[in-house]
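Worksheet: one structure, shown below.
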Amino acid sequence: MTIDLRLYLVTDPGTERLDDVVAAAVSGGATCVQVRDKHATTRALTDRARALRATLPAHVAVIVDDDVEAARAVDGVHVGTGDVPPSVARATLGPDAVIGWSINHLDQLGDDTQLAACDYVAVSPVWATVTKPDATEPFGLAGVRAVADLLARRLPLVAIGGIDLDRTADVVRAGADGVAVVSAICGAADPRSAAEHLRRVVDAALAETAAVR
C-alpha cells in the first residue's frame, strides 16, 4: 500500500483508552498510525496492532515500531538504527509491506541499499522530546532541510520529535511531507480536534511549498 504521511500518529502506550484516541485522531485527519510500545511482547504488540487494523479504514496504514514479526499482522514496520535494517525487514515482509526507516545521521542517506528497501524515511528527532529520551541529537529545522536536500525527493520524508501545532508549518516548509506526533494527539483533551488542527496546518503548508516549487 502507499502510505500517506501527512499526519502520522505514533501511539503512546500510557494513553488511557488508546483505541478510542486513535479512532478519534483518524476521524480528525490522521493518515497513518504507528503502534509503539518498547516494552510490549511480540504477542501483545501483534494483538494491539491487529485490533487497530480491524477497526481503522483501509487507506490508513497501521504499522508497528521495530518488531518485524508483529508487523506480519498489519501493513508494515518502522525501524531505527538499532533495529533490523530496512533491507532485512523488506526481505522478511515482502514487496507489499510498508517499510519506514529513522534517519538519525546524515551519512545514512548514503546507504542506497537501505533506502531502496524503504517506502519513506523519518528525520528523528527534530527537537528533543520526553516521549523518547534516548533519542540522538536533535536535527532542528536546519537538519530537516539538510535531510530533504540530500534525499532529493527519492522518498517521502516525515519529521518526528517535539512537534506540536505551533511547529508543524515550519517543519513542512523545511521539506517534510508530513509530521509524526505523539503527545500532540495522545496528550490532547480532544484528540479529534487536535488532529483536525494539525492536519489543516499540514495541508496548508504543503500547498504553500508546492506553489513555490
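Reckoned from all heavy atoms, side chains included, excluding hydrogens, waters and symmetry mates. Keep in mind it's a predicted model, so treat the numbers as computed, not measured.
Under the 4.5 Å side-chain criterion, counting only non-hydrogen atoms from C-beta, T11 is not in contact with R48. Taking the side chain as every heavy atom from C-beta outward, T136 and P125 approach each other to under 4.5 Å. The side-chain heavy atoms of W127 and D164, taken from C-beta on, include no pair separated by under 4.5 Å. The shortest side-chain heavy-atom distance between D112 and R154 falls under the 4.5 Å cut-off. You'll find the side chain of L198 reaches within 4.5 Å of the side chain of I185, heavy atoms only. Side-chain contact check for P57 versus V26: some heavy-atom pair is nearer than 4.5 Å. Residues V77 and D67 have side chains not in contact (no heavy-atom distance under 4.5 Å, counting atoms from C-beta outward). Taking 4.5 Å as the limit, every side-chain heavy atom of P85 sits out of range of all side-chain heavy atoms of V79.
Listed for the T42 side chain is no donor-acceptor partner under 3.5 Å among the backbone atoms of A70. At least one donor-acceptor pair under 3.5 Å links the side chain of T41 to the backbone N or O of A44. Remark: side-chain polar atoms of D111 are not paired, donor with acceptor, to backbone N or O of Q108 under 3.5 angstrom.
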Checklist entry - Taking it one step at a time, do M1 and D96 satisfy side chain to side chain contact (heavy atoms under 4.5 Å, CB included)? => result CA-CA 6 Å; M1 73 183 297; D96 296 330; over 6 Å; no

Item to check | side chain to side chain contact (heavy atoms under 4.5 Å, CB included) between Y8 and I63, worked out | outcome: CA-CA 11 Å; Y8 183 127; I63 64 176; 3.2 Å; yes

Item to check | Residue pair D170, R167: steps toward the salt bridge (Lys or Arg N to Asp or Glu O under 4.0 Å) verdict | outcome: CA-CA 6 Å; D170 287 339; R167 289 169 162 173; over 6 Å; no

Next on the checklist: Using the rule given for side chain to side chain contact (heavy atoms under 4.5 Å, CB included), can you reason through R6 versus V172, listing the C-alpha separation, both sets of side-chain angles and the distance that settles it, and then say yes or no?
Outcome noted: CA-CA 9 Å; R6 285 179 292 171; V172 174; over 6 Å; no

Checklist entry - Please walk me through it: do D65 and K38 pass side chain to side chain contact (heavy atoms under 4.5 Å, CB included)? => result CA-CA 8 Å; D65 181 47; K38 296 291 187 185; 2.9 Å; yes

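If you run side chain to side chain donor-acceptor pair (under 3.5 Å) between E196 and each of R199, R200, R192, only R192 comes through. D119 pairs in a side chain to side chain contact (heavy atoms under 4.5 Å, CB included) with only one of the listed residues (L5, V98, L155), which is V98. Checked against R53 for a salt bridge (Lys or Arg N to Asp or Glu O under 4.0 Å), the options D47, D75, D19 give a single hit: D75.
Across every non-hydrogen atom of A194 and A184, the tightest pair is CB-O, 3.5 Å. For V171 against A159, the heavy-atom pair with the smallest separation is CG1-CB, 3.2 Å. Summarising the geometry of C186 relative to L9, their closest heavy-atom pair is SG-CD1, 4.0 Å, with the distance given to 0.1 Å. Closest of all the heavy-atom pairs between C32 and V60 is CA-CG1, 3.8 Å. Shortest non-hydrogen contact noted between A49 and V64 is CB-CG1, 3.5 Å. When all heavy atoms of G161 and T129 are compared, the pair lying nearest together is CA-CG2, 4.2 Å.
Distance check: E69 CD to T92 OG1 gives 7.0 Å after rounding to the nearest 0.5 Å. From R145, atom CZ reaches atom CZ of R173 across 10.5 Å, with rounding to the nearest 0.5 Å.
No continuous path of ILVMFWY side-chain contacts below 4.5 Å connects V10 to V123, so the two sit in separate hydrophobic clusters. A continuous path of Ile, Leu, Val, Met, Phe, Trp and Tyr side chains, each step under 4.5 Å between heavy atoms, connects L157 with I103, placing both in one hydrophobic cluster. Under the 4.5 Å side-chain heavy-atom criterion for ILVMFWY residues, no single connected hydrophobic cluster contains both L206 and Y120. Note on V121: it clusters hydrophobically with F139, by side-chain heavy-atom contacts below 4.5 Å among ILVMFWY residues. When hydrophobic clusters are built by joining Ile, Leu, Val, Met, Phe, Trp and Tyr residues whose side-chain heavy atoms come closer than 4.5 Å, directly or via intermediates, V201 is grouped together with I163.
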